[in-house]
Trainee: 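Here it is: the structure, laid out below.
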Amino acid sequence: MTRLDRRQFLLGSAATLAAGASASALPASKLAQRRQGFGAAATLWDLQADPRLGEAISTYCTQVVPVLELKWPMLRPDAHTFAFERADAILDFARANDLTMRGHTLAWYHDIPDWTKQIKDSKEVERAYLDHIGTVVSYYKDKLTSWDVVNEPIPDNPKGISDRRDTFWTQHLGKNWIPLAFRTAAAADPYVKLAINEYDIESVKDSFIAKRAAYRNLIMELLDQGIPLHAVGLQSHLHAELEIDTHGLAEFVTELRSWGLEVLVTELDVDDQKLTGSPAERDAIVAKRVDDLLTAISASGPVRSILTWGLSDRYSWINGTFARKDKQPNRPLPLDGEFKPKPFMDVISKFTRDA
C-alpha cells in the first residue's frame, strides 16, 4: 500500500517553493538524454524551512537529488508501507523549476530500517529487497534521470582488489546482492541510467588508491557478468588537506569511459576542518581541490553531471559531523551561509559552461 495521508500538505509546501507552473513528465528516452549540468542535494525539510535554498537551487542548478527522501528509513517506514510523498514533493519542486531529479539510493549498507534487520530468514530478506527496489523504481519510472543503485560497496581500507564491504545484505544474499539490485532496477525501468556510487577514491593516500583499485575490480566484474551498469558515481567528499591524485584519477576515468560507462560526480563537497588561515585562504584551497578533481575527470571528456552534497554551507552535513577546532564553521560548498557564491562556484561554472 502507498501512504498518502500527508500528500496534499507536502505538495502545497513544495508549490510555495516553486517559481512557475509544473512541467509535465518527459518520456523516458527524452529524460535520459536531457542536459544534466550542475545540481545539488537537498532535504525537503530545508526547502520548506528556508525559501532562499529553493531560490538558489533554481538559480544555479539544472538538477536536484533528495538527501534522505529516497533512502529506506524514510521511504519504507515498515514492511507494508511505501511513503513516497516527501520524495514526490521534491520531484514537484524540480519540475516546477525545470530541473531534472536523480534517485539516491536503492541499496546501501547504512540506513537499513529496523524492521528489515528483524527478518531472520534469508529468503524473506531477498523478497523484501527485491520488492523494495522493484516497487520504488517502477513508481518513479520515466521521472528520474538516473539511480544510485548500489552505494558504497567497498570497505574503507580494502586488503585487496576483491575486498567488499560486509553488510546486512551480504550476510543474507552474499555477493549476489549487487547484481540483484541492478537487474531488478533495470527490469522495473529499462530507460533510467543505473549507477554504482563510492567515496574516498580521489585523493593521494594509500587507502584511497587501494579503494579505487577495488572499485575498479568490482565494476569490471559487473560488466563481465553482463550486469546493466551504465554509470559510475564518484562521490567526491574531498578532504581539503589532501591533494587530488590527478594522474591516477584521470587514468581511472579514461578507462571507465573506454568501457562505455558515464562518469558522474555525485556528492561533491570539501571538508576544510584541518585547514588553517582566513576564510578566504581556506576557500582558495577548497576551490583548487575542486579544480584539480574536475580537471582530472575531464581529461578524457567533458564532465556532464556534477552534483554537490548541498549548495549552501548553512545546510551542509559536514558542519554537524566534522567540527573545526577553532569553532569556525566549515566552508564545504559553492555558496556560503548567506547564499553568496565562493570561488568553489567559479570552478563549477568553468566546468559546466558547455555541459
Side-chain angles (χ1 to χ4, degrees), residues 13-20 37-69 86 89-90 92-94 96-99 101 104 235-241 265-294 305-353 355:
S13 299
T16 64
L17 300 168
F38 173 58
T43 69
L44 184 62
W45 287 306
D46 292 338
L47 285 169
Q48 290 174 334
D50 192 342
R52 295 176 300 172
L53 179 58
E55 291 168 5
I57 290 174
S58 67
T59 297
Y60 289 99
C61 298
T62 58
Q63 57 177 327
V64 68
V65 61
V67 172
L68 301 171
E69 288 77 5
R86 297 190 69 85
I90 296 181
D92 290 334
F93 162 76
N97 288 280
D98 195 30
L99 310 173
M101 187 168 107
H104 174 84
Q235 289 187 12
S236 305
H237 291 296
L238 305 181
H239 305 259
E241 75 280 8
V265 177
T266 55
E267 303 182 26
L268 175 60
D269 52 23
V270 188
D271 172 17
D272 78 359
Q273 66 169 312
K274 294 183 179 179
L275 295 185
T276 58
S278 68
E281 291 169 328
R282 287 155 47 200
D283 287 350
I285 295 172
V286 165
K288 177 66 163 56
R289 297 289 180 254
V290 175
D291 193 283
D292 287 347
L293 172 87
L294 299 179
S305 179
I306 302 169
L307 280 137
T308 49
W309 207 242
L311 187 59
S312 163
D313 295 342
R314 182 177 292 269
Y315 297 108
S316 170
W317 70 287
I318 287 180
N319 273 313
T321 307
F322 302 113
R324 290 177 54 86
K325 290 181 179 179
D326 61 7
K327 309 300 182 184
Q328 293 297 309
N330 210 304
R331 297 173 65 83
L333 289 168
L335 306 183
D336 69 14
E338 298 304 316
F339 295 89
K340 295 177 181 177
K342 298 184 295 183
F344 189 154
M345 182 58 79
D346 295 334
V347 176
I348 293 294
S349 298
K350 170 184 168 183
F351 284 92
T352 56
R353 195 174 298 121

Trainee: With side chains defined as the heavy atoms from C-beta onward, is the minimum distance between Gln273 and Glu241 less than 4.5 Å?
Mentor: no
Trainee: So which heavy atom on Ala94 is nearest to which on Val64, and how close?
Mentor: CB-CG1, 3.7 Å
Trainee: With side chain to side chain contact (heavy atoms under 4.5 Å, CB included) as the test, pick out the partner of Leu268 among Phe38, Phe344, Trp309.
Mentor: Phe344
Trainee: Between Met101 and Pro66, is there a side-chain heavy-atom distance shorter than 4.5 Å?
Mentor: yes
Trainee: Do Asp336 and Asp283 have side chains that approach each other closer than 4.5 Å (heavy atoms only, starting at C-beta)?
Mentor: no
Trainee: Do the side chains of Lys350 and Asp291 get close enough for a salt bridge, i.e. N-O under 4.0 angstrom?
Mentor: yes
Trainee: Check whether Thr308 reaches the backbone of Leu311 with its side chain - one donor and one acceptor, N or O, closer than 3.5 Å.
Mentor: no
Trainee: For the residue pair Trp317 and Val67, establish whether any side-chain heavy-atom pair is separated by less than 4.5 Å.
Mentor: no
Trainee: Taking Gln63 for the side chain and Gly37 for the main chain, is one N or O donor matched with an acceptor at less than 3.5 Å?
Mentor: yes
Trainee: Is a donor on one side and an acceptor on the other found under 3.5 Å between the side chain of Glu69 and the backbone of Leu44?
Mentor: yes
Trainee: Side chains of Ile285 and Asp272: closer than 4.5 Å at any heavy-atom pair?
Mentor: no
Trainee: With side chain to side chain contact (heavy atoms under 4.5 Å, CB included) as the test, would you mind laying out the steps for Arg289 and Val347 before giving the verdict?
Mentor: CA-CA 10 Å; Arg289 297 289 180 254; Val347 176; over 6 Å; no
Trainee: So do Thr352 and Thr62 actually touch side chain to side chain, heavy atoms under 4.5 Å?
Mentor: no
Trainee: Are His239 and Asp271 linked by a side-chain donor-acceptor pair shorter than 3.5 Å?
Mentor: no
Trainee: Just so I know, are the side chains of Ile57 and Asn97 near enough to count as touching, which here means a heavy-atom distance under 4.5 Å?
Mentor: no
Trainee: Are any of the side-chain nitrogens in Lys288 or Asp292 under 4.0 Å away from the carboxylate oxygens of its partner?
Mentor: yes
Trainee: Parallel, tilted or perpendicular, judged at 30° and 60°: which one describes the rings of Phe339 and Tyr315?
Mentor: tilted
Trainee: Please confirm whether the backbone N or O of Ala280 pairs with a side-chain atom of Arg331, one donor and one acceptor, at under 3.5 Å?
Mentor: no
Trainee: Any donor-acceptor pair under 3.5 Å linking the side-chain atoms of Asn319 with those of Ser316?
Mentor: no
Trainee: Look only at the side chain of Ser236 and the backbone of Leu238, and say whether a donor-acceptor pair between them is shorter than 3.5 Å.
Mentor: no
Trainee: Any non-hydrogen side-chain atom of Asp313 less than 4.5 Å from a side-chain atom of Lys342?
Mentor: yes
